[in-house]
Amino acid sequence: MAEDRQLKDRVRLLYEGRSKRATRFRYALLLFDAVTIVFFLATAAMPLTPALLVADAVIGSLIALDLILRLWIAENKARFLRRIYVIVDIIVLASLLATPFLGQGLAVLRVIRSLRLIHSYHLMHDLRRDSLLFRRHEDTFVAALNLLVFIFAMTAIVFVLRGQEEPGLTTYVDALYFTVATLTTTGFGDITMTTPTGRLLSVGIMVVGVGLFLQLVRAIFSPAKVKHKCPECGLTKHDVDAIHCKHCGHDLKIETEGAL
């Protein structure tokens, strides 16, 4: 029992600790997430082969191991299972398990694993500590990531729900092209939704996507700020070189590497 507790504590420190080892582990997980998303994008329309089945099995095993470890160390397991990235991983695992029986028909569902790239508290803390560039442009990075995640996730939804059902919408690339054209309100007209379901989907892309796009534009062109909570008034964002809080005038000690 004591050994199990010690092992659980070591695993929890890897996922939630602040040591260099834990930080490297979380960066490795981020790299794994990025690689699997690229792999799923590249293979979504490929014919099923033995090599692809082996790759799916290896990736699925690693995703399952990560999910099991996170569930094991979770204090509130019911709350953990309701988190969006956990639900996403469960859907991805289900699609991987179904592949040998149903072929690549559900492969596009794996692309929603891009939702895993939405920032977690601990990863954001690591990036703020380790990267001056990230600290200065955190809002821009987060807005760009949210927009990218939305595009790929929405493309997967469009392809799953309307692929082969709408004229010109036959591949994942077609769905990506339609999603970006709709998001930017370009509207070339070569791929259009002709059914009520498809048109409602287009409305959702425009309403949510344009808001994310404007958030990214605002983050790019707004003055650079860093996150540092003022101990006096609680203001959380300040100029990079601020030495006093603009709201209350309290002295600030913002961590910096000295470069401006």
Side-chain angles (χ1 to χ4, degrees), residues 1-44 52-100 106-131 134 138 141-157 160 227:
M1 192 69 179
E3 292 180 357
D4 289 344
R5 183 63 184 177
Q6 290 176 357
L7 179 59
K8 181 181 287 189
D9 288 341
R10 287 198 293 268
V11 173
R12 181 178 287 109
L13 285 175
L14 278 178
Y15 279 97
E16 302 175 0
R18 296 188 177 183
S19 66
K20 290 184 178 180
R21 181 184 179 189
T23 300
R24 288 194 295 267
F25 175 76
R26 288 192 290 269
Y27 282 144
L29 285 179
L30 175 63
L31 179 61
F32 172 73
D33 289 341
V35 169
T36 56
I37 290 166
V38 171
F39 175 79
F40 290 152
L41 283 171
T43 60
L52 193 56
L53 281 174
V54 171
D56 284 350
V58 172
I59 292 174
S61 299
L62 293 174
I63 293 174
L65 177 61
D66 175 57
L67 186 61
I68 291 170
L69 290 176
R70 289 178 185 270
L71 177 62
W72 186 41
I73 64 173
E75 296 293 341
N76 189 325
K77 291 178 171 49
R79 182 185 301 172
F80 172 81
L81 291 172
R82 291 195 297 267
R83 291 177 178 174
I84 182 64
Y85 68 84
V86 175
I87 297 173
V88 164
D89 275 351
I90 292 173
I91 293 173
V92 171
L93 285 172
S95 70
L96 288 171
L97 289 173
T99 297
L106 298 177
V108 72
L109 287 177
R110 305 170 197 172
V111 181
I112 66 173
R113 194 160 200 266
S114 56
L115 293 174
R116 278 294 303 269
L117 294 180
I118 296 177
H119 61 84
S120 66
Y121 170 78
H122 293 289
L123 181 59
M124 294 293 286
H125 175 83
D126 295 339
L127 289 171
R128 290 190 197 107
R129 181 187 61 194
D130 299 336
S131 173
F134 183 84
E138 178 180 339
F141 281 113
V142 172
L145 178 60
N146 288 339
L147 181 62
L148 188 65
V149 167
F150 172 79
I151 289 173
F152 285 124
M154 188 55 66
T155 298
I157 293 173
V160 169
K227 285 193 173 181

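Sequence positions, counted from 1, serve as the residue numbers for this chain.
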Can you see which heavy atom on [X] is nearest to which on [Y], and at what distance?
X	Y	value
A22	G17	CB-O, 3.7 Å
L14	R26	O-NH1, 3.4 Å
R70	L29	NH2-CD1, 3.7 Å
I87	R82	CD1-O, 3.7 Å
V86	F80	CG2-O, 3.2 Å

Item to complete: For R83, check side chain to side chain donor-acceptor pair (under 3.5 Å) against everything at least two apart and list the hits.
Response: Y85
Fill in: Stepwise side-chain contact (heavy atoms from CB on, under 4.5 Å) check, W72 with L67
CA-CA 9 Å; W72 186 41; L67 186 61; over 6 Å; no
Worksheet item: Residues in ring pair (Phe, Tyr, Trp, His ring centres under 6.0 Å) with F25, at least two apart?
Response: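 Listed in chain order: Y15.
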Worksheet entry | L13: partners by side chain to side chain contact (heavy atoms under 4.5 Å, CB included), with sequence neighbours left out |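 Partners of L13 under the side chain to side chain contact (heavy atoms under 4.5 Å, CB included) test: none.
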Worksheet entry | side chain to side chain contact (heavy atoms under 4.5 Å, CB included) partners for A28, two or more places apart | none
Fill in: NZ/NE/NH1/NH2 to OD/OE distance under 4.0 Å, R12 and E75
yes
Discussion item. For the NZ atom of K8 and the CZ atom of R5, what is their distance to the nearest 0.5 Å?
Written reply: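 It comes to 6.0 Å.
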